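Inspection log for the structure reproduced underneath, given as structure tokens.
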2 protein chains.
Amino acid sequence: MGGAKGKTREAIADAAASLFASNGYAATSVREIAREAGADPAMVIRHYGSKEELFLHTMQVQPGDALRFDEPWNTLGIRIVEYVLDADDRLRSVYLELIRGSDAGRIGTALSAAHEDNFVAPLVAVLPGPDAELRARLVAAMVGGLMYALWIVEDETLARTDRADVIARYAPALQGLITPDPAL
Amino acid sequence: MGGAKGKTREAIADAAASLFASNGYAATSVREIAREAGADPAMVIRHYGSKEELFLHTMQVQPGDALRFDEPWNTLGIRIVEYVLDADDRLRSVYLELIRGSDAGRIGTALSAAHEDNFVAPLVAVLPGPDAELRARLVAAMVGGLMYALWIVEDETLARTDRADVIARYAPALQGLITPDPAL
DNA sequence: GTCTATAATTGGATAGAC
DNA sequence: GTCTATCCAATTATAGAC
């Protein structure tokens, strides 16, 4: 882990990230990754063992991508919606490709882990009140729903809708699960 | 369209539906479908033109699967959540495989169409009040979120949670978008 | 560490006899 | 309508020279 030793190794990872993001897992070949990286197909396997390993190594939610759940609860719904709306292309494609590849055992596991680590667990940790775990899991589901509509179904009308309007309508639904409901 | 003429044709469709549902699009081969149907691989192509055509022909939301949107609005949120929770294996796998295959052009289009025809359009038609289209699209997103959490991520904890509790927590969020908000 | 060459499979789809 | 035989393209992954 140091210096310029793994130059081609990094080039392969970069090329893979770019191609997996653009064309998806199935449509990206090891040959194509090697060509893009200026390396040899054999090196791709030599460095990462298999195409799936390389995919899992590359398509990960980075530490910097994580949403902060430690600020005031009464605006958390808004911040969560903004997190999805403001996601950059890389983060977006990571989730998108994990979802699309979720039938392959390891990739499905990686998606479950990302969902659990990045949304469910932090939410469970901060949510006050009863049924915290259930509410956290349903909030996480709603986040997934926004990703689903915008990134998978590609609801263009929704994507073109004024950002503030989407937040004004969707965030309260999240907030309703975040703020403990005395009546329930 | 009658009689016992297309016997193998139907056998192929049935085998394809079963295999696509169990193993997904990519992992299912034309040869396997033929074997399961007791037919010849060539017949699969002869009848349906291509594997993708067969997939699109097979993995469709049937008329009987459709949710009714014409009953009283104040319980629509509950009925929508129940629709997802009560979905049978076939309907579930149709959505699941459309989502997973959504990077292939035609399949992605089919998913968008199913989403639009089965959720967004009927909702827009019945929702009263302002921003009906935006609210309909966000309700559809929430439905997708529940599918996402239960079927793609396979949140086992959520799946094991008491049905009534899930409804009690998630349906109000949908209902909040369905019932016009005078303050907005 | 790197590359050439190729193994070993598998896939979808077609041609043409019956 | 049906089946036999096969084509052709593409894949991941490996073996072994340099």
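Please read all numbers here as calculations on a predicted model, not as lab measurements. Hydrogens, waters and symmetry mates are skipped; everything else that's a heavy atom, side chains included, is used. Each chain gets a letter, A, B and so on, in the order the sequences are listed, and its residues count up from 1.
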Between A:D40 and A:R46, does at least one N-O distance fall below 4.0 Å, as a salt bridge requires?
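Looking at A:R46 together with A:D40, the answer is no, because their closest N to O distance does not fall below 4.0 Å.
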Using a strict 4.0 Å threshold on nitrogen-to-oxygen distance, state whether A:R100 and A:E97 make a salt bridge.
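Looking at A:R100 and A:E97, the cut-off is met.
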Any side-chain N or O of B:H47 under 4.0 Å from OP1/OP2 of D:dT2?
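Answer is yes, contact under 4.0 Å.
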Looking at D:dT2, I'd like to know if its phosphate oxygens (OP1 or OP2) sit under 4.0 Å from a side-chain N or O belonging to B:T8.
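For D:dT2, OP1 or OP2 has a side-chain N or O of B:T8 closer than 4.0 Å.
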Measure [atom1]/[X] against [atom2]/[N] and give the value in whole Å, please.
| X | N | atom1 | atom2 | result |
| --- | --- | --- | --- | --- |
| A:E32 | D:dA13 | CD | P | 16 Å |
| B:R35 | D:dT4 | CZ | C1' | 18 Å |
| A:I12 | D:dA13 | CD1 | P | 14 Å |
| B:L19 | C:dG11 | CG | P | 12 Å |
| B:K7 | D:dC3 | NZ | C1' | 15 Å |

By nearest atom, which of the nucleotides D:dC3, C:dG11, C:dC3 is closest to the B:M43 side chain?
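Comparing D:dC3, C:dG11, C:dC3 against the side chain of B:M43, the answer is D:dC3.
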B:Y25 ring center near B:F55 ring center (under 6.0 Å)
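Under 6.0 Å, so yes.
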Ignoring hydrogens and geometry beyond distance, is a side-chain donor-acceptor pair present between A:Q175 and A:T179 at under 3.5 Å?
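There is such a pair between these side chains.
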Look only at the side chain of A:S29 and the backbone of A:E32, and say whether a donor-acceptor pair between them is shorter than 3.5 Å.
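Yes, the answer is positive, given that a donor and an acceptor are paired below the 3.5 Å cut-off.
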Mind telling me whether B:W151 and B:Y95 have parallel, tilted or perpendicular rings, with 30° and 60° as the class edges?
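If you compare the ring of B:Y95 with that of B:W151, the planes turn out tilted.
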For nucleotides 13-18 of chain C, just jot down a letter per nucleotide in 5' to 3' order: B, S or -, based on protein non-hydrogen atoms under 4.0 Å.
SB----
